[in-house]
Enquirer: 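The structure follows.
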Amino acid sequence: MTIQQLLKLTIPKLTAQKIDNPHLEAELLLSHVLKKPREFLLAHGEKKISAWQTASLESLIARRLKGEPIAYLAGHKEFYGLDFIVNKDVLIPRPETELIVEEALKPIARSPQPVTLLDIGTGSGCVIITLAKLITNCKFLAADISAKALTVAKQNAKHHGVAKNIKFLKGDLLSPVIYNSKFSILTSNLIILANLPYGWSAWKNNTSADTVGLRFEPKIALYAGKNGLELYEKLFKQIKTLRGDITALCEIDPRQTGKMRQLAKQYLPQAKLQIKKDLCGLNRLVIIDTRCPLGHRVSYAS
């Protein structure tokens, strides 16, 4: 069987299951099996496929028809024009999360002093690694409570040639920095990047996301308490103990806008708060600028 013939048999299966972009997905999965770029398929449609390659594709298609995300099947996902390794230990990067990268670049450009970037709940590392690729005059830290997620993030950092630029830490939110003796109490210019779990009990039944696909992603990366803001509340309590110029960029579900405002006012009453919309026009990013006069002054120590 040739590449063209196999794709012709595969695409209708995906179409029948109402998979978006069945042609693209069939090509991506076959590219993964053949370890060739999609362009190779288009240019070599007459090339014959072995029996084991056909069986491998059929196995992947069967898993896809059961709802498993194609990113996990192919083992990678694009984010901000870069390719990232992903598996079931990390959340699949979303296009809306690119807004964190775009908004983080603005205060960095305005700052006359060196900036420390701290990506908490880094997952695959897509946010901090993208920023490390784009800029060089910052300190880069990434933390996650999951050792398995950090393994994936380190693989991605190595893949993109920035492994030496990023310090990866295991722990809960800001704890690895605040309570780590390796970090000095020194500089104030800190930008916190937070795409924390913000799902709640009823969220998976009321979101426009692919709820079938969500079943395959790590629960620890998706859900946080009854209203999805448990971890953000904990983060704000930690920020309250810091002093210096701090900016926190927090991704949310649009329906959490009001509650996030309330939490920020409760724990960081002097902070300036902005809401940024994603490309769909939905509230997606909460930006908090605060100067806390008391507490720890935390920065990266070289």
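Quick caveat: nothing in here was measured; it's all calculated off a predicted structure. We're numbering straight along the sequence, starting at 1.
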Enquirer: Check step by step if salt bridge (charged side-chain N to carboxylate O under 4.0 Å, His left out) holds for Lys88 and Glu68.
Expert: CA-CA 10 Å; Lys88 292 182 181 181; Glu68 189 168 347; 3.6 Å; yes
Enquirer: Give the cluster check for Leu42 versus Leu34: same hydrophobic cluster or not, with ILVMFWY residues linked at side-chain heavy-atom distances below 4.5 Å.
Expert: no
Enquirer: What is the distance from atom NZ of Lys240 to atom OG1 of Thr290, rounded to the nearest 0.5 Å?
Expert: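 With rounding to 0.5 Å, NZ (Lys240) is 10.5 Å from OG1 (Thr290).
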Enquirer: Enter the distance from Ile70:CD1 to His76:NE2 here, rounded to the nearest 0.5 Å.
Expert: 8.0 Å
Enquirer: Tell me whether Asp278 contacts the main-chain N or O of Leu282 through its side chain, where contact means a donor paired with an acceptor under 3.5 Å.
Expert: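 Yes: the side chain of Asp278 pairs with the backbone of Leu282.
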Enquirer: Measure up the Phe84 and His160 rings against each other and bin them: parallel (under 30°), tilted (30 to 60°), perpendicular (over 60°).
Expert: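 Geometry flag for His160 against Phe84: tilted rings.
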Enquirer: Does any part of the side chain of Leu117, heavy atoms only, come nearer than 4.5 Å to the side chain of Ile128, both counted from C-beta?
Expert: yes
Enquirer: Is Thr10 reaching over with its side chain to a backbone N or O of Leu6, donor-acceptor style, under 3.5 angstrom?
Expert: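 Yes, because the side chain of Thr10 sits within donor-acceptor range (under 3.5 Å) of the backbone of Leu6.
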Enquirer: Is there a donor-acceptor pair closer than 3.5 Å between any side-chain N or O of Glu98 and the backbone N or O of Tyr80?
Expert: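 Between the backbone of Tyr80 and the side chain of Glu98 there is a qualifying donor-acceptor contact (under 3.5 Å).
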Enquirer: Taking atom types as modelled and ignoring hydrogens, do the side chains of Ser111 and Asn189 form a donor-acceptor contact shorter than 3.5 angstrom?
Expert: yes
Enquirer: How close do Ala153 and Gly123 get, heavy atom to heavy atom, and via which atoms?
Expert: CB-O, 3.4 Å
Enquirer: Taking side chain as C-beta onward, heavy atoms only, is Phe79 less than 4.5 Å from Thr130?
Expert: yes
Enquirer: Roughly how far, to the nearest 0.5 Å, is CD of Gln17 from CG of Asp20?
Expert: 12.0 Å
Enquirer: Taking Asp144 for its side chain and Leu150 for its backbone only, find out whether a donor-acceptor pair lies under 3.5 Å.
Expert: no
Enquirer: Working to the nearest 0.5 angstrom, can you tell me the gap between Leu91 CG and Lys219 NZ?
Expert: 11.5 Å
Enquirer: Any sub-3.5 Å donor-acceptor pair from Gln256's side-chain atoms to Asp253's backbone N or O?
Expert: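 Confirmed, Gln256 side chain pairs with Asp253 backbone.
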Enquirer: So, for Pro69 and Ile92, which heavy atoms are closest and what is the spacing to 0.1 Å?
Expert: CB-CD1, 3.4 Å
Enquirer: Give a yes or no on whether Gln4 atom CD has more than 12 heavy-atom contacts from other residues, nucleotides or ligands under 6.0 Å away.
Expert: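 Counting neighbours around CD of Gln4, 12 or fewer heavy atoms of other residues, nucleotides or ligands fall under 6.0 Å, so no.
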Enquirer: Can a donor-acceptor pair be found, under 3.5 Å and without considering hydrogens, that links the side chain of His159 to the backbone of Gln155?
Expert: no
Enquirer: Are Lys276 and Glu103 close enough, and set up right, to give a side-chain contact (heavy atoms from CB on, under 4.5 Å), and what steps lead you there?
Expert: CA-CA 9 Å; Lys276 295 292 182 177; Glu103 292 299 326; 3.6 Å; yes
Enquirer: Can you see which heavy atom on Leu231 is nearest to which on Leu173, and at what distance?
Expert: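 In terms of heavy atoms, the two residues are closest at O-CD1, 3.7 Å.
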Enquirer: Can you say whether the rings of Tyr232 and Phe236 are parallel (under 30°), tilted (30 to 60°) or perpendicular (over 60°)?
Expert: tilted
Enquirer: If you apply the rule salt bridge (charged side-chain N to carboxylate O under 4.0 Å, His left out), what do you find for Asp289 with Lys272, and how did you get there?
Expert: CA-CA 5 Å; Asp289 292 307; Lys272 178 183 176 182; 5.5 Å; no
Enquirer: List the residues meeting salt bridge (charged side-chain N to carboxylate O under 4.0 Å, His left out) with Lys234, not counting sequence neighbours, and say none if there are none.
Expert: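 Only Asp172 meet the salt bridge (charged side-chain N to carboxylate O under 4.0 Å, His left out) criterion with Lys234.
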Enquirer: Between the side chain of Arg284 and the main-chain N/O of Ile252, is any donor-acceptor distance below 3.5 Å?
Expert: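 Flag set: sc Arg284 to bb Ile252 pair under 3.5 Å.
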Enquirer: Answer yes or no: is there a side-chain heavy-atom contact under 4.5 Å between Ile120 and Ile192?
Expert: yes
Enquirer: Would you say the side chains of Ser50 and Gln53 form a donor-acceptor pair under 3.5 Å?
Expert: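 Yes - a donor-acceptor pair under 3.5 Å links their side chains.
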Enquirer: Same cluster or not: Val162 versus Ile108, using hydrophobic residues (I, L, V, M, F, W, Y) connected whenever any side-chain heavy atoms lie under 4.5 Å apart?
Expert: yes
Enquirer: Under a 4.5 Å cut-off applied to non-hydrogen side-chain atoms, are Ile246 and Ile191 in contact?
Expert: no
Enquirer: Contact between Leu285 and Ile275 at the side-chain level, heavy atoms closer than 4.5 Å - yes or no?
Expert: no
Enquirer: Examine distances only and state if a side-chain atom of Thr241 and a backbone atom of Gln238 form a donor-acceptor pair shorter than 3.5 Å.
Expert: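 Such a contact is found between Thr241 side chain and Gln238 backbone.
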Enquirer: Kindly indicate whether the side chain of Lys77, heavy atoms from C-beta on, has any atom under 4.5 Å from the side chain of Tyr72.
Expert: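 The answer is no, as the side chains (C-beta and beyond) never meet within the 4.5 Å cut-off.
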Enquirer: Hey, what do you get for OG1 (Thr257) to CZ (Arg255), rounding to the nearest 0.5 Å?
Expert: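 These two atoms lie 10.5 Å from each other.
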Enquirer: Run Leu30 and Leu7 through side-chain contact (heavy atoms from CB on, under 4.5 Å) and show every step you take.
Expert: CA-CA 8 Å; Leu30 184 53; Leu7 287 174; 3.9 Å; yes
Enquirer: Could you give me the CA-CA distance, side-chain angles and deciding distance for Thr15 and Ile19, then say whether side-chain contact (heavy atoms from CB on, under 4.5 Å) is met?
Expert: CA-CA 6 Å; Thr15 303; Ile19 299 292; over 6 Å; no
Enquirer: In sequence, state the C-alpha distance, the side-chain angles, and the governing distance for Arg64 and Glu25, and then conclude on salt bridge (charged side-chain N to carboxylate O under 4.0 Å, His left out).
Expert: CA-CA 9 Å; Arg64 183 67 185 107; Glu25 293 208 2; 2.7 Å; yes
Enquirer: Please test Thr54 against Val33 for side-chain contact (heavy atoms from CB on, under 4.5 Å), starting from the C-alpha separation and ending with a verdict.
Expert: CA-CA 9 Å; Thr54 300; Val33 169; over 6 Å; no
Enquirer: When you group the ILVMFWY residues by side-chain heavy-atom contacts below 4.5 Å and let the links chain together, are Leu99 and Ile135 in the same group?
Expert: yes
Enquirer: When you measure from the side chain of Ser31 to the backbone of Glu27, do you find a donor-acceptor pair of N or O atoms at a distance under 3.5 Å?
Expert: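 Here the side-chain-to-backbone pair exists.
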Enquirer: Given side chains that start at C-beta, do those of Glu46 and Ile3 come closer than 4.5 Å, heavy atoms only?
Expert: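 Result no, sub-4.5 Å side-chain heavy-atom pair not found.
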Enquirer: Between Thr97 and Glu251, do the side chains contain an N or O donor and an N or O acceptor separated by less than 3.5 Å?
Expert: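 There is such a pair (donor and acceptor under 3.5 Å, judged by atom type) between the side chains of Thr97 and Glu251.
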Enquirer: Find the distance between CD1 (Ile288) and SG (Cys250) and round it off to the nearest 0.5 Å.
Expert: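 The CD1 atom of Ile288 sits 5.0 Å away from the SG atom of Cys250.
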Enquirer: Which pair of non-hydrogen atoms, one from Leu9 and one from Pro12, has the smallest distance, and what is that distance?
Expert: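 Nearest pair, atom of Leu9 first, then Pro12: O-CD, 3.6 Å.
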Enquirer: I'd like to know if the side chain of Asp89 and the backbone of Ala149 have a donor-acceptor N/O pair within less than 3.5 Å.
Expert: no
Enquirer: For Leu14 versus Pro22, what's the shortest heavy-atom pair and its separation?
Expert: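 It is CD1-O, 3.5 Å.
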Enquirer: Look at the side-chain heavy atoms of Ile, Leu, Val, Met, Phe, Trp and Tyr, link any pair under 4.5 Å apart, and say whether Val127 and Ile220 land in one connected group.
Expert: no
Enquirer: Specify the closest pair of heavy atoms between Pro176 and Gly171, including all atoms of both residues, with the distance to one decimal.
Expert: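 Taking every non-hydrogen atom into account, CG-CA, 3.4 Å.
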Enquirer: Could you tell me if the side chain of Cys138 sits less than 4.5 Å from the side chain of Thr116, heavy atoms only?
Expert: no
Enquirer: Passes salt bridge (charged side-chain N to carboxylate O under 4.0 Å, His left out), Lys226 versus Glu233? Steps please.
Expert: CA-CA 12 Å; Lys226 294 181 179 179; Glu233 182 173 9; over 6 Å; no
Enquirer: Please determine whether residues Ile178 and Leu268 belong to a single hydrophobic cluster, defined as Ile, Leu, Val, Met, Phe, Trp and Tyr linked transitively by side-chain heavy-atom distances below 4.5 Å.
Expert: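 Ile178 and Leu268: one cluster.
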